[in-house]
Each structure stands twice: as C-alpha cells, then as structure tokens.
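For reference, the structure is listed below as structure tokens.
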Amino acid sequence: MINAIVQVVLFSVIPFVWWSFTAKKKQLFLEWLGFHRPVIVDKGKYAMFYMLAIVVLVVPNFALVFFYMDGSILASNQFTGLGLAGVIPALLYAMIQTGLSEEILFRGFLLKRLAKSFGFQVGNLLQSLVFGCIHGAMLWTVLSFPIILLVVLSTGLAGYVMGWMNERVSGGSIMTSWSIHSLTNLMTACLSMFQILSF
C-alpha cells in the first residue's frame, strides 16, 4: 500500500509542478491530466476497440516473456503462488502502483503536453517511445540488447494504443487507459498468484 502511494506521488511531482506554472489558473489539476468520464459516442465501437487494445497489449508481451525472458524478473513474480492471499496486494499493484502512476505520467501528462506542441500523432509516438524505453531500461542489466529492443517495441506499442484510446475514442479521458493498464497488469499478477502459466 505504501509503495503504491509513494509511486503515485513520485510520478505526479513533475506533472504537478508543470501544471502549477502553466495551467493552475485555467483548469483543476485532475481535469488537466484527463481525469473525467470518457466521452463515448459509439458504445459498440468503444467496446470493440477496448477489447482489441487489451489483445494488443497482452499478446506481444506474453509472447516475449514466454519465448525470450525468464518470468522471475517480472514485477508480477512477487505474487507467485499466493493464491487468494495475493488478491488485495495484486489489486493495489495493478491499479495504483503501476496503472495509476504510469497513466498520470505518460498519458495524462506527457502525451497531452507533447500533442499540444507537436500534434497528436507525433506526441503519441514520442510518449510511447519514452514509455517503451523506460521499461527496457529497467531490464538493462538482466537481458541482452536484442531482447531489450523487443521489450521497448512491445511496451511502446502498448503505450501508443492506450494513448490512441484516450485521445481518439474516449474524449481525452485517461480513465480508459488506466482501466486497460490495470486490467492487463492484474491478469499477469493473477497468472502468477494461481500459477496458471509458468514462464
């Protein structure tokens, strides 16, 4: 619980400082980040893209872990074999520590600022590249360069898809990417908790 809160606070510092100097008088902080109900014009289209986004996030990353990586280096490995005792910690990890903190920083702050300066396509590409590179950098000491490159590409693709979902399907709300991110991380944690797949 404490780790989750600390990570959210740390990932919110830069956005908060930026907002304080640039937008404090115009918009509330959470609105500025995109914390509002998704604006859904076509619920069927939204549901279809939502499911497709989950597939795009899950399949490349699972394939990468299954074929090229030792699953013990993943963050979700901390839940291995816990069963039902791991449900609450896994929810905190998936929804708050990783889902919320990363969506605040990457899709709520970085994408919106970059898109404002360079347009949506370039902004989304840049934030997804940074997202992928940071995930690759975390594994720098334990993986070879070609595998790190695959990690950067697969997590970068995930970042791009979540950014697209927010800005093109959800009316700028980061609630969509937060839920997708949390759900996919929770799925991974559950696989470890109940030892459904051994990577």
Side-chain angles (χ1 to χ4, degrees), residues 1-12 50-111 127-166 174-199:
M1 175 71 148
I2 292 170
N3 287 343
I5 292 169
V6 167
Q7 187 161 320
V8 170
V9 170
L10 289 175
F11 278 48
S12 299
Y50 191 95
M51 295 306 294
L52 186 60
I54 290 174
V55 170
V56 168
L57 268 65
V58 169
V59 171
N61 288 302
F62 272 61
L64 185 60
V65 172
F66 189 78
F67 291 112
Y68 298 109
M69 292 169 59
D70 176 3
S72 67
I73 65 173
L74 301 176
S76 60
N77 188 52
Q78 65 188 301
F79 305 108
T80 300
L82 291 180
L84 291 175
V87 171
I88 299 300
L91 282 169
L92 289 170
Y93 157 79
M95 295 181 69
I96 309 299
Q97 187 170 353
T98 56
L100 179 60
S101 63
E102 291 180 9
E103 292 312 310
I104 286 171
L105 183 60
F106 293 101
R107 261 65 68 186
F109 171 65
L110 197 57
L111 169 57
Q127 72 82 18
S128 65
L129 184 61
V130 173
F131 185 67
C133 286
I134 287 175
H135 281 80
M138 291 188 301
L139 300 168
W140 187 259
T141 59
V142 293
L143 295 175
S144 65
F145 180 74
I147 306 305
I148 288 173
L149 189 57
L150 290 175
V151 169
V152 170
L153 291 173
S154 65
T155 53
L157 175 63
Y160 187 90
V161 168
M162 289 188 289
W164 184 84
M165 282 292 296
N166 287 354
I174 69 166
M175 302 300 283
T176 294
S177 63
W178 181 20
S179 66
I180 292 170
H181 198 156
S182 298
L183 186 59
T184 55
N185 283 351
L186 184 60
M187 287 167 55
T188 306
C190 285
L191 291 175
S192 293
M193 280 184 338
F194 301 105
Q195 295 180 308
I196 296 169
L197 288 177
S198 296
F199 290 117

Between L186 and A94, which heavy-atom pair has the shortest distance, and what is it?
N-CB, 3.5 Å
Rounded to the nearest 0.5 Å, what separates atom CE in M193 from atom CZ in F79?
8.0 Å
If you compare all heavy atoms of S182 against all heavy atoms of G99, which two are closest, and at what distance to 0.1 Å?
OG-CA, 4.0 Å
Output for pair (I174 CD1, H181 NE2), nearest 0.5 Å, gives 11.5 Å
Close side-chain approach of T98 to Y93, heavy-atom, < 4.5 Å:
yes
Side-chain donor or acceptor of W178 paired with backbone N/O of I96 under 3.5 Å:
no
In the structure I gave you, are the side-chain heavy atoms of I180 and V161 within less than 4.5 Å of one another anywhere?
no
Could you check whether T80 and N77, counting side-chain N and O atoms only, form a donor-acceptor pair closer than 3.5 Å?
yes
Locate the shortest heavy-atom distance separating I148 from G136; write the atom from each residue and the value.
CG2-O, 3.8 Å
Salt bridge (charged side-chain N to carboxylate O under 4.0 Å, His left out) against E102, all qualifying residues, sequence neighbours excluded
none
Could you measure the distance from the CE atom of M162 to the CG atom of L57? Nearest 0.5 Å is fine.
5.0 Å
Not counting sequence neighbours, which residues clear side-chain hydrogen bond (donor to acceptor under 3.5 Å, both in side chains) with N3? List them please.
none
Given side chains that start at C-beta, do those of F131 and R107 come closer than 4.5 Å, heavy atoms only?
yes
Please give me the minimum heavy-atom distance between G156 and S128, naming the atom from each residue.
O-CB, 3.1 Å
Pair L110-L105, side chain to side chain contact (heavy atoms under 4.5 Å, CB included): steps then yes or no
CA-CA 6 Å; L110 197 57; L105 183 60; 5.8 Å; no
Looking only at non-hydrogen atoms, find the nearest pair between G159 and Q127 and report the distance.
O-NE2, 2.9 Å
To the nearest 0.5 Å, what is the distance between CD on Q195 and CG on L82?
9.0 Å
So do the side chains of L64 and M69 get within less than 4.5 Å of each other, counting heavy atoms only?
yes
Taking side chain as C-beta onward, heavy atoms only, is F109 less than 4.5 Å from I104?
no
Rounded to the nearest 0.5 angstrom, the CD-CZ distance for E103 and F11 is 11.0 Å
Interatomic distance, CE@M138 vs CG@L74, rounded to 0.5 Å, equals 10.0 Å
Is any side-chain heavy atom of S179 closer than 4.5 Å to one of Y50?
yes
Which pairs, with at least one residue in residues 149-162 and sequence neighbours excluded, count as a side-chain hydrogen bond (donor to acceptor under 3.5 Å, both in side chains)?
N61-S154, Q121-Y160
Test log, rule side chain to side chain contact (heavy atoms under 4.5 Å, CB included), inputs L111 and F106:
CA-CA 6 Å; L111 169 57; F106 293 101; over 6 Å; no
Looking at S101 and Q7, what are the two nearest heavy atoms and their distance?
OG-NE2, 3.1 Å
